[in-house]
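Proteins get letters first, then strands, A, B, ... in listed order; numbering begins at 1 in each. None of these values were measured; they are calculated from a predicted model.
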Amino acid sequence: MDPARTPLGRMLLDEITPVVMVLRTPLVEEACGKNGLSFVEMLSPFCSFSNIDVPVRTASDQPYRLQKFKLRLFYSSDIRQPDVQVANERLKDVITQAGEKDLSNLSSELPQVDELLSSSESDIMPSWFQFFNKELIRTMSFSDHEAFDHPVACLLVVSSKDEQPINRFVDLFNSDQLPSLLNDGAMDPKILKLYLIVHDNQDGAPEKAKKFHNEMRSTFGSNSSQLLCINSSQGGLVEHLQNPWAPFKTDASPTQRLGGFLNIDDFNEIKKLTQDLASKHVIPYMEEKVRVLNQQVSATRKGFKNQIKNLWWRKGKEDTPDASNGPVYTFSSIESQIRVLGDYAFMLRDYELALSNYRLISTDYKLDKAWKRYAGVQEMMGLTFFMLDQSRKEAEYCMENAFNTYLKTGPTGQQNATRSGLWWVEMLKTRDQFKEAAGVYFRISGEEPLHSAVMLEQASYCYLLSKPPMLRKFGFHLILSGNQYKKSDQIKHAIRTYRRSISVLKGTTWSYIQDHVHFHIGQWYSFLGLYDSAVSHLLEVLSCGHQSKTTQEFFLKIFLQTVQKTGKACQVMRLPLPVINSSSLKVVFEDHRTYASPAATGVRESLWQSLEEEIVPSLPAARANWLEVQSNFTSKPNKNSNMCIVGEAIKVAIEFQNPLQISIPLSDVSLMCELCARSDDADSEANSLTAELQNDEATMLTTDRFLNSDMSSFALSNVELTLEGGGRKMVQLTVTPRVEGTLKIVGVKWKFSSSVVGFHNFVTGSVKKIQKGGKKNKQSPADSLKFDVVKTVPRLEGFIQSLPEKVYAGELQQLTLELNNKSHLSVKNLKMKISHPRYLNIGNQRNLNMDYPACLEKKTNSAEKTILEPHTINAPRNVFLFPEDTVVQGDTSFLWPLWLHAAAPGKVSLYIILYYEIENPESFMKYRTLRMLYNLEIFPSLDVSFQISACPSTLEEFLVRMDIANKTSTRNFQIHQLSSIGYQWEISLLQPTDSIYASPTLMSGQAFSCYLILKKSKRLDRAEANGSPVCSLTVSDIQLSTEGAGGKMYDSSLSPVKDFHNVERLQHGKSLEGDSNMVDFVLIYWPLDSETDPGVSDRPSLFSHHECHCSVASTSPISWVVEGPRLIHHDFSTSFCEVTLKMALYNSADAAASVRINTLDLSRNGDAQSRDESTLASGKQAGWYNVSLDSEIKVTSDVSGIQMKPLSSDSASPFVWTGSSSTKVRLPPLSTLGIPLQICVFSPGTYDLSNYILQWSLVLPDDQGNHGETRPSSGTCQGYSYFLTVLQST
Amino acid sequence: MATTACFIIVSRNDIPIYEAEVGSAVKREDVAHLHQFILHAAQDIVQDLAWTTSAMFLKAIDRFNDLVVSVYVTAGHTRLMLLHDSRNDDGIKSFFQEVHELYIKIILNPLYLPGSRITSSHFDTKVRALARKYL
């Protein structure tokens, strides 16, 4: 690419051109002023030539032709270093103007990153950058260290109206108005002078001017004298199609007509004048000068000899202390001449010559430590390299060197550094090294805020344009620049840069960045008074949970202030405070299902449905035949939407979440709803509405509608709350429809800090879910928020009066269920079901007014045993049907007793379902259900266990050990009574009450045991006479305490206790049809002291503990006992002693058993006995031994055990079994049989007759063969110890 | 120890997953965003540099005034970035290597979803201890 066509090339061809100094008289200005122009302005447009075509010959002999050329005209007063202050003011004006122009764009949409990337450089960059840069470079012009700004020629202009124009010419140049450059010797005062006389044609014919012109020719020479006639047009109304002055006059007002008196002749004359000036005077003069200077330089500096000399001379100078800026060079010094030579060559495009001279001079300046000049030369070298388009590296090196050297020279060098930096940047840009260019921009950004802001912004665009684009750097530098703009009060520019950066930084998760950008934009908008835009940006920073608390407060404060300044109610679609947890949305509505408490709504629907199954009539079953089918269904208008009833509230729960650490106040939290009254056109309206909801703007519109809509058709609840920092809260909102129709819950709205109204739309918030669930044909969230409001139907409200939350296990309480019917219609056909009949049971209407617990007392205190009626042990009904005539009238309440029994410790949820039908046949719903949920916490109270073992001494008697431990920490209990419930079992104390248990009161933590005897009842016969022995249960009670209830006994067979007992049996047992080997115990007790825990009921109550299915036959169904004498006197001198014994066998099983008794020899006795002893010993360890034996015997057995061993070892058997060694009998079920046994004793002593084995097996009927019972059907038992003492009779 | 040091872990999709001011200077609220800006902008350079070398430690790749950005890129293109004002290349390298090990342990946690924020307080304590040791 031709370097001259690049931006930098064009800039250089524009800026580094010969300067012509203009000296004029005031009358010249006056003539030009008629056109609204100064003299320089008038000539300027004609000073750049695109096709001048002048042959140029410089140092070499080869001439070449110049095509483009430009002259710069300046008044002599302007040829000096511009004042920095003034220049800065001018730059500031430029920026401010640009900012004002951009104001219109401030609120418009910003281009996205992709657009930015695809658009070209000139589109992205603000146009005033070019202008700014040019102005900036101009502030550095006319420096004394470089020659290209030094005037090449001087144009002296005199008007024809001036008196004695020839003298005026002389005066002009001799006055002391000449620029300091000429006066202080920085440049040669002998410069090319040109003389021009200007004639205004309006002042008359140009004869006088021509006369003066001839005079000038004779005085100054014909070549350098010119005549210019202007203002030939009389009317001053010449219109120029393309006004050539317009680009030069930036501040011209449009009404002013520029060049109005100049017609086409004047144009041509001016053109000719400037062309002459350039081609006939300036260029030839420069050529000449270049040649002369070149010869001088060659003579003094070229060649080996000169170089050595120069070096030597400079070395010698090194010792002298230098001024800070090096030695002063005048125009006559060889260094200045070389520089002038280089600059002239550069301006004449002889870059080779220029470069060689720059090189030559640069080493000299370096050696002289004239840093500023050195830097200037380096700068020019860099530019020359660029224009030659060779050695890029060297060009860059030169520019960097120049830049750094300028910086070294101190504050004055800073501006020069900026200029060289700008050129350097342009050079890099031309070569597509945008990244490096951005770096240079950053380096020249400097201290002054406005200046650095512009440089940083330019740097950011370089990052954008670099390949690949560095977007993050782009964003960062925009922010930096915006920050500097803000510092210099250019808020509009600051906003512009920040907004640009949003397009890059949008969507980033770098939270601090987001907050910084949005907060500052918001703040600045509010400075400018654009509060709406400010609010929209400040909204973005509100949910800044990661910031510190003070920052959060600050953000919030600014936000609220801004909102206040807007002066109107602020409505925000997506207010980020508080955060709404969309997934937590829960809608509770009541169609035919109604709920008694909020807790009941939280239960899974499937759980209720499983409970409801038996109560609610299922639809298919209800319809009688398929012909009359659809009449029921057609009445349902819309199957998809839910149903709700006029006057009944729909509850919506939604979670609000506060991401901040500060608490935020919310008020007026309510739902946004829409209710279309049922009519024909309701549908179409609803449809149009849903269509509208598609986009956000429409939602805004509809939300407006919700705010303004009258609230007559439904009532909303209002909630006020304060969310603590970091807290989350479920908010319950309700809407109650008042007319029939279609109700739609659209969203929720709230007022934040009583100034900002926020909305949240439920449906749009969960659009994604709809798409996901599409396949499953699930009900979409939108549908779940749509309701059909139907006519009012009665609704029962129900609760259980004074149901405690915490009870101790075993407590039995009477409760009352209260049902209220608020409507005018009555309901009938009540049914009820309770999920846990073990804990809660339905009583009888009779119970309602009874005095509890006295009603449970036995009417007589007699010991008569109650026999439970067989049919009462039916399985507890699943569904309780209230009596058929039960009707709950409108506006009445209805009471029904319930019984609570805290059966087992733990936490229980009691689900209760009440079903009722509506009497009005026209009602839309036939029935409704009421769902109640109560949570009960049951603490352990008494831990009761029973152990039963057969009594070895007697058949059909069992020992019962009852262990009771008080598990509570505070409460004491009084044990009152124990009842056994079983088949003909009768319980009694082992010893009389008062002797053992002085006070059967259990303090907390205390435990005690007592022993009881369980006997077969003697009433067996009577029960058998009834024909159903198996089904009759007997209750026998014993009183364990003499204190308390005045000796009154409670009847365990009365309703609540009996019912709960049955449930307990079901809970534990396999079947209700227990067998006779099972016995149940009911322990009745009550709390003794009145100091109660808070929350635990302290009403008078009984406690009952039910222990079911205690097995009597613990090991085998066969039990036996050996009967016979214990002590025998016999005279062994006559014969051995024969002893006859009887074994009584009892079969407790309900099947016949075959029993075989084998007597064994004594030889195996030792073995058998030791085993027997070991079992005996282990039994002792467990603390469960035969208590019926006297302690005396027990001791003997121990002793005999020791004695027997030597006996068995040294002698033969002391006794033998006689009679049959093996007996086999068949034992019918539940019967007793006696078997005779006989032994022979040969010597006196004590004998243990346990050496026999009893084998038994049950003969089960085939069909019962595998009944699932775990009890063994056969077994082998070792004999019991039976001690027989035989003494020698005397 | 460096007076200013901001350590940040950036996941491969440019989301910061761990941030810590580990400098000895008192933490200032108003520079938090500046640190983020510098580190965020430095990623443009990391993006280019990461593919030019096989080393994980990229040394000081970017600077802003007197703050330097050092970067360590893991094999999975998670970037450990440190903004600091001290010149201690060896210390920074060891710091990065040890934090990398910690980070690998975090990744091995089956309950940690790669690319999500690191909330482990143990990790935080360890990183700060390493910063005291090396920086």
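- Contacts classified as ring pair (Phe, Tyr, Trp, His ring centres under 6.0 Å) and involving residues 109-135 of chain B (residues at least two apart or in different chains) are given here: B:Y18-B:F123.
- Only the side chain of A:T551 comes within contact range of chain B, judged by heavy atoms closer than 4.5 Å.
- For A:T550, no part lies near chain B; criterion is any non-hydrogen pair under 4.5 Å.
- B:D124 has a carboxylate O that lies under 4.0 Å from a charged side-chain N of B:R128, or vice versa, which qualifies the two as a salt bridge.
- Between A:R500 and A:E457 there is no salt bridge, since none of the side-chain N atoms of the basic residue sits less than 4.0 Å from a carboxylate O of the acidic one.
- When each of B:I15, B:D48, B:V10 is scored by its heavy-atom pairs under 4.5 Å with chain A, the top score falls to B:I15.
- The salt bridge (charged side-chain N to carboxylate O under 4.0 Å, His left out) analysis of residues 95-118 of chain B, with sequence neighbours excluded, yields the pairs B:E19-B:R117.
- Aromatic ring orientation, A:F442 versus A:H477: perpendicular (interplanar angle above 60°, classes split at 30° and 60°).
- By a heavy-atom distance cut of under 4.5 Å, B:D62, B:F64, B:N65 are the residues of residues 58-71 of chain B near chain A, going up by number.
- Taking the six-membered ring for Trp, A:H493 and A:W524 have ring centres at least 6.0 Å apart.
- By the ring-ring contact (aromatic ring centres under 6.0 Å, His included) test, B:H100 is found to be paired with B:Y72, residues two or more places apart in sequence or in another chain being considered.
- Contact count versus chain B (heavy atoms, under 4.5 Å) is highest, among A:H516, A:M470, A:K435, A:R472, for A:R472.
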Please determine whether side chain to side chain contact (heavy atoms under 4.5 Å, CB included) holds for the pair A:H451 and A:T418, giving the CA-CA distance in whole Å, both sets of side-chain angles, and the decisive distance to 0.1 Å.
CA-CA 10 Å; A:H451 178 89; A:T418 307; 3.6 Å; yes
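- At a 4.5 Å heavy-atom cutoff, the contact between B:I8 and chain A is made by side-chain atoms alone.
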